[in-house]
Amino acid sequence: MPTLREAPADAQIVSHQLMLRAGLIRQEAAGIYAWLPLGLKVLKKIEQVVREEMNRAGAVEILMPTLQLADLWRESGRYDDYGEEMLRIKDRHDRDLLYGPTAEEVVTDIFRGYVKSYKDLPKNLYNIQWKFRDERRPRFGVMRGREFLMKDAYSFDIDEAGARRSYNRMFLAYLNVYARLGLKAIPVKADPGPIGGDMSHEFMILADTGESQVFAHRDLVEMGAPGPNIDWFGDLEPEVSRRTSLYAASDEMHDEARFAAMPEEKRMTARGIEVGHIFYFGEKYSKPMKALVTGPDGKDTPVQMGSYGVGVSRLVGAIIEASHDDSGIIWPDSVAPFGAAVLNLRAGDAGCDEVCEEAYKSLTDAGLDPLYDHRADRPGAKFAATDLVGIPWQVVVGPKGVAEGVVELKRRATGERQTLPLAAALKVIAG
Ligand code: 5CA
């Protein structure tokens, strides 16, 4: 847990500063990071939330390689178009490879190898894998990296109506992901860019440091997520259109006339962090790559596709932007690197050691994945470090309390402290 007192001078935004100070990441090259123990724990927890919500919405996990064959991209026609953002590599046989910036081509190749009939549809395959884009200006730490972790899902349907149902499932699953991460995300109409297609939404977290401009109806901010208990394979159109009927657009798609037609108090212009982007693009890849399925009429037709990305590593930064104070990070319980910290203020003292070990064991048994700080540091340094790294609960054990049979329990988010017996503290933490 290599914490730093000062933020390195080149970190411009608070999340980047706090990620470096809390020892979550280490820069290895511009836009390329090593994940240190605490950072990796958070990244894995976000990944797991995303995975659970994808599975709930009927998507199936696979893992595609980071290195892809250029020939697949020649088939889709994107090899030349993608430009300088693509990292191109040659192997020892002089074959052209690339480090995948996204995986439409690879997943289409997998799909066409196995699925031949509409009876096997719908299908949605996803993976959580590192991507590389040689961004011109990598900045803000993991927010705009060159190597970054993305969840990318790809849907396959026989017709447009099916593709829209698949799109709707992802649209709502995304809202559930962000809600579980303690974030308020707004879906906005977006430009499909190099992925292509004619229907696209970005999911934005409001933050002054965001790189995107958002124009939206205020009510969208508080509308919230649908929750896990919707009928995922039923009619989701009403839930989706409740949200898409209110105005919301990124700057590329902004329509000033429509925006101005809303009541003034409902008009919101803000900066946003794009934490997800979904696309419907029909036959854009299936047609040139000949991913054909036999329809009910016996005819072969190109499958209808969409793709759905979540910026998993970017979310670490986005959550910090949305949840911190002057002392450091405030992790939502769902992704905190440790559920609770046990601070031994006098390590080596038999009484303190005994209470700490009991606390550590009980918290472990309760599934809270606790951190035990038994370093010889002075108490002030321990408090500051635990606040900085944002652990939701602190159980503070010192000689005075031990003599009286109590510990101090602190909630990081509110700063609230209470003095109580260990067993009672454990009950409060367990909720
Ligand atoms: N194939 C589609 C969806 S699967 C796709 O690549 N979409 S994307 O380009 O919009 O990327 C998906 C998400 O990845 C973005 O919404 C963003 O959250 C994240 N992302 C994109 N570029 C970067 C980057 N340079 N650094 C960190 N995260 C990024």
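If you're wondering where the values come from, they're calculated on a predicted model, not measured in any experiment. In listed order, ligands and their atoms are each counted from 1.
- Of all the heavy atoms of Val275, the ones lying under 4.0 Å from any atom of ligand 1 belong exclusively to the backbone.
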Trace of the side-chain contact (heavy atoms from CB on, under 4.5 Å) decision for Arg271 with Thr209: CA-CA 7 Å; Arg271 303 298 294 177; Thr209 50; over 6 Å; no
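- Less than 4.0 angstrom separates some heavy atom of His277 from each of these atoms of ligand 1: 10 (O), 16 (O).
- Of all the atoms in ligand 1, the ones that sit under 4.0 Å from a non-hydrogen atom of Arg144 are 26 (N).
- Counting heavy atoms closer than 4.0 Å to ligand 1, residue Lys131 contributes nothing at all.
- Contact analysis leaves Ser313 out of contact with ligand 1, as no non-hydrogen atom separation drops below 4.0 angstrom.
- With salt bridges taken as basic N to acidic carboxylate O contacts below 4.0 Å, none links Asp235 and Arg165.
- Nearest protein heavy-atom contact of atom 7 (N) of ligand 1 is Phe279 CE1, 3.4 Å.
- Although no hydrogens or angles enter the test, the distance criterion places a donor-acceptor pair under 3.5 Å between the side chain of Tyr174 and the main chain of Gly309.
- No option in Glu274, Glu85, Glu135 other than Glu135 meets the salt bridge (Lys or Arg N to Asp or Glu O under 4.0 Å) test with Arg144.
- Protein heavy atom nearest atom 26 (N) of ligand 1, with residue, atom name and distance: Gly145 N, 3.0 Å.
- Close approach of ligand 1 to Glu104 (heavy-atom distance below 4.0 Å) involves ligand atoms 1 (N), 2 (C).
- Of the protein's non-hydrogen atoms, the one nearest atom 5 (C) of ligand 1 is Ile195 CD1, 3.7 Å.
- Proximity to Gly276 (heavy-atom distance under 4.0 Å) selects the following atoms of ligand 1: 16 (O), 18 (O).
- Judged by distance alone, the side chain of Arg146 and the main-chain N or O of Ala30 form a donor-acceptor pair under 3.5 Å.
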Working for salt bridge (Lys or Arg N to Asp or Glu O under 4.0 Å), residues Asp80 and Arg74: CA-CA 8 Å; Asp80 294 326; Arg74 293 194 176 101; over 6 Å; no
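- With respect to the salt-bridge test (charged N to carboxylate O, under 4.0 angstrom), the residues Asp300 and Lys116 do not qualify.
- The protein non-hydrogen atom at the shortest distance from atom 22 (N) of ligand 1 is Phe148 CZ, 3.5 Å.
- With a heavy-atom cut-off of 4.0 Å, Ile278 does not touch ligand 1 at all.
- Heavy-atom proximity to Asp152, at under 4.0 Å, picks out these atoms of ligand 1: 4 (S).
- Some N or O of Glu274 is nearer than 3.5 Å to an N or O of ligand 1, by distance alone.
- Only the side chain of Arg133 comes within contact range of ligand 1, with a heavy atom under 4.0 Å; no backbone atom does.
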His254 vs Phe215, ring pair (Phe, Tyr, Trp, His ring centres under 6.0 Å): CA-CA, chis, key distance, verdict: CA-CA 7 Å; His254 182 50; Phe215 302 85; 3.6 Å; yes
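- For CD of Glu265, the number of neighbouring non-hydrogen atoms (other residues, nucleotides, ligands) closer than 6.0 Å is greater than 12.
- Polar contact with ligand 1: present for Thr102 (N/O pair, distance under 3.5 Å).
- Contacts between Phe203 and ligand 1 below 4.0 angstrom, taking non-hydrogen atoms only, are absent altogether.
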Checking ring pair (Phe, Tyr, Trp, His ring centres under 6.0 Å) for the pair Phe148/Trp130: CA distance, chi angles, key distance, verdict? CA-CA 5 Å; Phe148 59 97; Trp130 293 92; 8.3 Å; no
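- Classification of Asp81 and Arg78 as a salt-bridged pair fails, no side-chain N sitting under 4.0 Å from a carboxylate O.
- Nearest protein neighbour of atom 17 (C) of ligand 1, counting heavy atoms only, is Arg314 NH1, 3.5 Å.
- In terms of protein heavy-atom proximity, atom 11 (O) of ligand 1 is closest to Met150 CE, 3.4 Å.
- With a 4.0 Å cut-off on non-hydrogen atoms, Met143 touches ligand 1 through its backbone and not its side chain.
- The shortest heavy-atom distance from Val142 to ligand 1 is under 4.0 Å.
- In terms of polar-atom proximity, Ala153 is not counted as a contact of ligand 1, lacking any N or O under 3.5 Å from an N or O of the ligand.
- Although no hydrogens or angles enter the test, the distance criterion places no donor-acceptor pair under 3.5 Å between the side chain of Ser323 and the main chain of Ile320.
- For Phe259 and Tyr247, the ring centers are positioned less than 6.0 Å apart.
- When the heavy-atom distances from atom 13 (C) of ligand 1 to Gly100, Gly317, Gly311 are ranked, the shortest goes to Gly311.
- With respect to Phe171, the ring pair (Phe, Tyr, Trp, His ring centres under 6.0 Å) criterion is satisfied by exactly one of Phe279, Tyr178, Phe203, Tyr280: Phe203.
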